[in-house]
Amino acid sequence: MQPLCLITGGGRGIGAAIARSLGEAGFRLLINYRSSAKEAEGLAGQFPGSAAVQADVATVEGCDALYEILKKDYDGQLKVLVNNAGVALDNPLFNASVEEFQKSVAANMQSVWYLSKKLARLMIRRKEGRIINISSIVGHTGNKAQSVYGMTKAAIDNFTRSAALELADYNILVNSVAPGFIDTDMTAAIPEEYKEKILSGIPLGRMGLPDEVAQVVTFLATSGSYITGSVIHVNGGMYG
Ligand code: NAP
C-alpha cells in the first residue's frame, strides 16, 4: 500500500505544488482545501487512491473532521502531514485590527498546533511519521505591514523545535520549510513598486517557484531521516 500524506491548503499555490510532488514520489494524497474545491479535486484525480477533502483548518471543528476521516476511512494510516495552509493579511501595525490578528492566529498558528496535536496521535500508534510545517522567512526577518503574519510564522518554527523534541521518542520527525518570496496568489497581491524592491534584495535575482519549495518538502517526506527540529530556508539567498 502506498503511504498516505495530508496537505493542508493543497488546492493551489505552494500546497498544490507539494501535493503534485508527493504524488509523483508515490504517496496517496489527501488534499485539504477550504474553498478551492475544483482545483483540489482535479489534482487528486491525477493520483490513484487520492482524494480532496474540504475543511477549514483555522477551526477546531475542521481539524477534528480531518482526524475522523483519517481514523475511519484510512484506518489511521498517515505517514506525512504537511501544514501548508496560511493567510497573509498585510496591514501596518497602526491599522491592523484585532479581527485580522485573530484570523491570522487561527489560520496560521492554531491550525498547525491543533492539527499536529490531533494527528500525532495516529503517528504515535504507528511509531512513524513526519510533520512538515510551512513557515516563512518573515518569521525570521520581520517585514513591514506583516507584524502579525511574522509573529505567527515565527511561532511555527518554535513549535517545530518543541514538537520535534517530544515526538523523537516515537520516530516522528518534525521540520519547518521557510520559503522566501514565492510566485503564488499570495505574492501576486504585493504592489509592483514594492515587488521591485524585494527583487533587488534577492541574491538569485528572482522570486522562487512553488515547485522549488515542494522539492524540499518531498525530500523531508521521503529522505532526510536524520533531520528533525530544523528550519530549512528556501529563499534564493535572502536569509539563513
Ligand atoms: P496562497 O496562494 O494564498 O494559498 C493559500 C492556501 O492556503 C490555499 O490553498 C488556501 O485554500 C489555503 N488556506 C488558507 N486558509 C485556510 C484554512 N483556514 N483552511 C484550509 N486551507 C486554507 O498561498 P501560498 O503562497 O501558496 O502559501 C502557502 C503557504 O506558504 C502559507 O502558509 C504561506 O504563509 C507560506 N508562505 C508563502 C510564501 C510566498 O511567498 N508565497 C512565502 C513564505 C511562506 P483555499 O484556496 O481552498 O481557500
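Order of listing sets the numbers, starting from 1, for every ligand and every atom in it.
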* **Criterion side-chain hydrogen bond (donor to acceptor under 3.5 Å, both in side chains) on Thr160 and Asn133, from CA distance to verdict** => CA-CA 7 Å; Thr160 287; Asn133 300 318; 2.9 Å; yes
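At a 4.0 Å cut-off, at least one heavy atom of Lys153 sits close enough to ligand 1 to count as contact. Ligand 1 does not have Ala37 within reach: every non-hydrogen atom of the residue lies 4.0 Å or more from it.
One option in Ser35, Ala107, Pro179, Gly208 has a heavy atom closer to atom 45 (P) of ligand 1 than any other, and that option is Ser35. Nearest-residue assignment for atom 7 (O) of ligand 1 (options Gly139, Gly86, Ser111; heavy-atom criterion): Gly86. Closest to atom 12 (C) of ligand 1 by heavy atom, among Ser36, Gly9, Ala17, is Gly9. Distances from atom 32 (O) of ligand 1 to the heavy atoms of Asn235, Thr59, Asn84, Ile134 put Asn84 nearest.
Ser21 and Thr218 share a side-chain donor-acceptor pair at under 3.5 Å. Side chains of Asn83 and Ser116: a donor-acceptor N/O pair is present below 3.5 angstrom, by distance only. In summary, the side chains of Asp157 and Ser135 do present a donor paired with an acceptor at a separation below 3.5 Å, with no hydrogens or angles considered. Between the side chains of Asp90 and Gln146, at least one donor N or O lies within less than 3.5 Å of an accepting N or O.
For the pair Phe181 and ligand 1, the shortest N or O to N or O distance does not fall below 3.5 Å. Looking at ligand 1, you'll find an N or O of Ile182 within less than 3.5 Å of one of its N or O atoms. Considering backbone and side-chain atoms alike, Val87 places every N or O at 3.5 Å or more from each N or O of ligand 1.
For Met151, the CE atom sits in a loose shell: 12 or fewer heavy atoms of surrounding residues, nucleotides or ligands are nearer than 6.0 Å. Heavy-atom contacts from other residues, nucleotides or ligands closer than 6.0 Å to NZ of Lys195 number more than 12.
Note that Lys127 lies outside the cation-pi zone of Tyr170, set by a 6.0 Å cut-off to the ring centre and a 45° limit from the axis.
By the criterion of a heavy-atom distance under 4.0 Å, the side chain of Asn32, and not its backbone, is placed next to ligand 1. For Tyr33, heavy-atom contacts with ligand 1 shorter than 4.0 Å involve the backbone as well as the side chain. Using a 4.0 Å cut-off between heavy atoms, Asp185 contacts ligand 1 through both its backbone and its side chain. Contacts with ligand 1 closer than 4.0 Å are made by no heavy atom of Ala88, backbone or side chain.
When side chains are defined from C-beta on, Lys153 does not count as touching His140, because their heavy atoms never get closer than 4.5 Å. Here the side chains of Leu6 and Val82 are not in contact, with every heavy-atom distance at 4.5 Å or above. Counting only heavy atoms from C-beta outward, the side chains of Leu70 and Leu4 approach each other to under 4.5 Å.
Contact check on Arg206 versus Glu212 returns a salt bridge, with a Lys/Arg side-chain nitrogen under 4.0 Å from an Asp/Glu carboxylate oxygen.
Per-residue contacts place Thr187 under 4.0 angstrom from the following atoms of ligand 1 (heavy atoms of the residue considered): 39 (C), 40 (O), 41 (N). Each of the following atoms of ligand 1 lies closer than 4.0 Å to a heavy atom of Asp56: 17 (C), 18 (N), 19 (N). The contact set between ligand 1 and Ala58, taken as ligand atoms under 4.0 Å from a residue heavy atom, comprises 18 (N). Listed by number with element, the atoms of ligand 1 under 4.0 Å from a non-hydrogen atom of Gly13 are 26 (O). Each of the atoms 19 (N), 20 (C) of ligand 1 lies under 4.0 Å from some heavy atom of Ala55.
Looking from atom 11 (O) of ligand 1 to the surrounding protein, the closest heavy atom is Arg34 N, 4.0 Å. In terms of protein heavy atoms, atom 41 (N) of ligand 1 is closest to Thr184 OG1, 3.1 Å. From the protein, the heavy atom lying nearest to atom 44 (C) of ligand 1 is Ser135 O, 3.1 Å. Atom 42 (C) of ligand 1 has Gly180 O, 2.9 Å as its closest protein atom, hydrogens excluded (heavy atom only). Atom 26 (O) of ligand 1 has Ile14 N, 2.8 Å as its closest protein atom, hydrogens excluded (heavy atom only). Arg12 NH2, 3.9 Å is the protein heavy atom nearest to atom 10 (C) of ligand 1. Annotation: atom 21 (N) of ligand 1 to nearest protein heavy atom, Ala85 CB, 3.5 Å. Given atom 36 (N) of ligand 1, the protein heavy atom at minimum distance is Tyr149 OH, 3.5 Å.
Closest of all the heavy-atom pairs between Leu43 and Ala16 is CD2-O, 3.7 Å. When all heavy atoms of Asp183 and Thr187 are compared, the pair lying nearest together is CA-OG1, 3.7 Å.
In this structure, the side chain of Asp56 engages the main chain of Ala58 through a donor-acceptor pair within 3.5 Å.
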